[in-house]
**Q** 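The structure is given below, and queries will be raised subsequently.
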Amino acid sequence: MSDIIYNFRAVENKWINNFNSYSVSNDIILSNPNKKYYVLEMLPYPSGKLHMGHIRNYTIGDVIARIKRMQGYNVIHPMGWDAFGMPAENAAIQSGIAPSISTNNNITSMKNQLQRLGYMYDWKREVSTCNKEYYFEEQKLFLEFYKRGLVYRKQSYVNWDPVDNTVLANEQVINGRGWRSGAVVEKKLLNQWSMNITSYADRLLEGLKDLKGYWPDNVITMQENWIGKSEGALINFEIVENNIVPNINNIEVYSTRPDTIFGMSFIAISIDHEISKTLSKNDTKVSAFIEKCRKLGTTEEVLEKAEKLGYFTGIYIKHPVIKDKQIPVYIANFVLIDYGTGAVFGCPAHDERDYDFATKYNLPITTVIQSDNNELPYTGDGILINSNFLNGKTTKEAKFCIIDYLETNERGQRQTKYRLRDWLISRQRYWGCPIPIVHCPKCGEVPANLPVELPDDIDFKNLIGNPLEKHTTWKYTKCPKCGCDAIRDTDTLDTFFESSWYFLRYLDNQCNDPINKEITDISLPVDLYIGGVEHAVLHLLYARFFMLVLHDLGYSKHSMPFKKLLTQGMVCHKLYKNSDNEYVFPDDVEKLEDGTLIDNNGKKVKEYPSEKMSKSKKNIVNPQSIMESYGVDALRLFILSDTPPEKDLDWNTSALDGSWRFLNRIWKVFNQILDKINNNNQNSINNDLYKITNIYLQKIEENYNSISLNKSIALSRELFNKIEDNINTSSNTSLKFAFETFIKVFYPITPFICHEMWQILGNKEYISNEKWPEFDKNIIQEETVTIAIQVNGKLRKTIELPKDTSKDITEKTAIEAITSIDANKIKKIIVVPNRIVNIVV
RNA sequence: GCGGAUGUGGUGAAAUGGUAGACACGCAAGGUUUAGGACCUUGUGAUGAGAGUCGUGUGGGUUCAAGUCCCACCAUCCGCACCA
């Protein structure tokens, strides 16, 4: 018996086609709406090769889909491709091969890998966002949004490479320089398309309340903070008469801390503020300062960390509540034109940035809020001082009071603002969905005749910038309205636009409208959405926003896309660097007998702590080679075993060996059991296994329900260990029941081996068509419980007592059990029935 | 800078405020001889001869009882709107 070895290659080949032919039609879903279950995994960008992050994501989804199918649901489990995007365009520039060709090749090879892994996807629902069937429909949505005023054009910043004359993505800016040219990157304002997400800010915030308990708390918090609702005041400052900007009389400022107005010592305006622009026309020093400030990237991180620079304009404003006091106006690099009004007031005593700025430019620092230790800056709440009529009030009262005062005196008003900015959807790139707008010299912006196809006659070799801008036959067209010469908009859509509604297109990927309302109404919301936490804000916020818009436009009765969200952790691996400070692949590292590590050139290698697997750091393991040498089941088992899905997972080759060995152990024990049953080798009538199995079944199911897959697996292994221990003592009926139950609960984790064993056991139906086992409620009641006895909170002994023994008897038994204690010295005794006794002496 | 998380044996991790370390990996000793990607048994937080004592990043606090709750801190990781 023991020489039977599990042949995973043969078993995988036997069942793979069965797994890949899964599909549930819309007719079936419509016929029984209560039985639909939509499990969705974030669709991949088709890079060409699956990585371990994909494997983890899709394995979790596959496990849940298989369980739900056994529980009788019609499971919608689709897969597709987020196929537009920058990498394909960059590859094209190097290789000269069109993004459409390389992308489709990549999709073919990744699809082969997914199918080889046996994930039960409904491939009839497949969607690829770069296909005409998809982006033509997306253009219809865009024009709908356009008609409703949800998309509009405005001046927005891009990273500009002044040498290559091209727009750069943040990723292409490395330490403030363009990745190809090495030129210092500048900010440049371009007229670009935005989507009015801020008008939905309140509803997006409201919607989070319904997600509590379904979405991870950290994701909800991150979205709340991202939206960043704040109550504050819009204050209008009167400019002291001057010759510098004689035509501008006021500066409007938004502040969330109007309570600190008595401590105000400067006004800071953006380099793009009207005043800055006016000044720079006549003053070369101002324009030089502004130029200096423009040499900065656009990310929030860079802006926040940059040295705070200011330039005094020579202008003063009148303090609105302190008579005859004048406050200087500075141009500053930290004020953003697209947030608030492009101007802020500075109160150095109670804001860290203002404090630094005031110290640097020798501005007065007046404390207006009492802190405990008088250390400045103090940014917390407190009691107002040095603030005239606000003195003695709390921060909250003072805010209220000062806004009332400003409103009464017509100097300002209450205003709610959001940190959330409108969504910039324009990209100056080729490989995306063309924005279907024509710019006509007479009519202005005009919706294009649909569809607008992306041209493919482009020479990608040595391409710089956006080829659509240079494509004369495509770019120049006639105005759909008046027929005169016009030009197409050459921007394409942000790829987040595609990923904001793909899960609706899966539901009917052939529909001649973007969305099939009937099937969408029944199939939404997605019951379980699984993907990386890196999407916590952007993608997941945009998708929620789209759903609200689509609901408002009548596309769906649903306004919430995803019910339950699981954010899985990253797959990490140790880093290796050799003596030349080059990264080394883990596969190329060898351990010598004395423990030193060398690479395949014999150079010494140093090990560094685990980080997210990434190509550039070479700390990757290729799923393909793991699958070939260990088999799919072993890979699945390993990746789910030891780490909860939402935590980062550290790759560990010996634990993978362990998973592989466990499959062989299953196979060995399976054959022993077969042997015993088939030879009717009945020499025992012990039915303990029946009860044990039911106890484990309940626990395993609980953990599957909470998607604690690592715990389900641990418990399944415990059950398996019990079965193995009891092979020779258990009755055949109990043994068969126990092992069949084990197969059923383990099938979602390792489907191939379980299919095979189930069939060999003589079952005509496949395991995938079996019903999820129900545990026997009556048998799992325990008769006795173990009670811990503590003295002063420290464990001294455990005793066995019948379940639900009364408090008095428990107490008495406990005191008797602890012989070293003088009963007279007991001060207090705490009895928690069925659990613990704590004796305090 | 802002926002979010994480921290428990040699390692991945368990633990409705109630017996810390389930289940694994690794390691050690023994068995087996089949040389295999072995398998089986036993042991494995630290310390101590032992009863025991100590032990969940650090320092406080609440409680009969704290890995779990509260406060302060430290370290590490992730995101920051044009990577997807």
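By convention in this document, chain letters (A, B, ...) are assigned in the order of the sequence lines, proteins followed by strands, and residues within each chain are numbered from 1.
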**Q** For A14(B), does either OP1 or OP2 sit under 4.0 Å from a side-chain N or O belonging to N703(A)?
**A**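 It does not, given that no N or O in the side chain of N703(A) lies less than 4.0 Å from OP1 or OP2 of A14(B).
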**Q** Between A20(B), G18(B), C23(B), which nucleotide has the shortest distance from any of its atoms to the side chain of E718(A)?
**A**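 Closest nucleotide among those given: C23(B).
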**Q** If you only use heavy atoms from C-beta on, which nucleotide in C82(B), G37(B), C64(B) is closest to the side chain of V840(A)?
**A**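 My answer, after comparing the listed nucleotides, is C64(B).
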**Q** Answer with base, sugar-phosphate or nothing: what part of the nucleic acid does E352(A) contact at a heavy-atom distance below 4.0 Å?
**A**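 No contact at all - E352(A) keeps every heavy atom at 4.0 Å or more from the nucleic acid.
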**Q** Mind checking if P644(A) touches a base, just sugar-phosphate, or nothing, with heavy atoms under 4.0 Å?
**A**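 Touches sugar-phosphate only.
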**Q** Taking only side-chain nitrogens and oxygens of K828(A), does any of them come within less than 4.0 Å of OP1 or OP2 of C64(B)?
**A**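 Yes.
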**Q** Would you classify H535(A) as touching base, sugar-phosphate or nothing, given that sugar-phosphate means primed atoms plus P, OP1 and OP2, and contacts are heavy atoms under 4.0 Å?
**A**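 Contact class for H535(A): base.
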**Q** Please report the distance separating the C1' of U8(B) from the corresponding atom of U68(B), rounded so that it comes out in whole Å.
**A**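 Here U8(B) and U68(B) have their C1' atoms 12 Å from each other.
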**Q** I need the single residue from W431(A), F496(A), Y430(A), Y45(A) that forms a ring-ring contact (aromatic ring centres under 6.0 Å, His included) with F84(A). Which is it?
**A**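 When W431(A), F496(A), Y430(A), Y45(A) are each tested with F84(A), the ring-ring contact (aromatic ring centres under 6.0 Å, His included) holds only for W431(A).
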**Q** Which part of the nucleic acid, if any, lies within reach of E702(A) when heavy atoms closer than 4.0 Å are counted: base, sugar-phosphate only, or nothing?
**A**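 Nothing, no heavy atom under 4.0 Å.
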**Q** What nucleic acid atoms does R796(A) come within less than 4.0 Å of, heavy atoms only: base, sugar-phosphate, or nothing?
**A**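 Sugar-phosphate contact only - R796(A) comes under 4.0 Å of backbone atoms but never of a base.
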**Q** Would you classify R717(A) as touching base, sugar-phosphate or nothing, given that sugar-phosphate means primed atoms plus P, OP1 and OP2, and contacts are heavy atoms under 4.0 Å?
**A**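 Sugar-phosphate: the residue R717(A), judged by heavy atoms under 4.0 Å, touches backbone atoms but no base.
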**Q** Salt bridge or not between K807(A) and E811(A)? Use side-chain N to carboxylate O under 4.0 Å.
**A**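 A salt bridge is absent here (no side-chain N lies under 4.0 Å from a carboxylate O).
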**Q** Is any NZ, NE, NH1 or NH2 atom of the basic residue among E611(A) and K617(A) found under 4.0 Å from an Asp or Glu carboxylate oxygen of the other?
**A**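 Looking at E611(A) and K617(A), the cut-off is met.
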**Q** Is any side-chain N or O of N710(A) closer than 4.0 Å to OP1 or OP2 of A14(B)?
**A**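 It does, given that an N or O in the side chain of N710(A) lies less than 4.0 Å from OP1 or OP2 of A14(B).
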**Q** To the side chain of A714(A), which of G18(B), A13(B), C23(B) is closest?
**A**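 Selected nucleotide: C23(B).
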**Q** Does S47(A) reach a base, just sugar-phosphate, or nothing at all? Heavy atoms under 4.0 Å.
**A**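 Contact class for S47(A): none.
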**Q** Taking syn as within 90° of 0 and anti otherwise, name the glycosidic form of G30(B).
**A**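 Anti.
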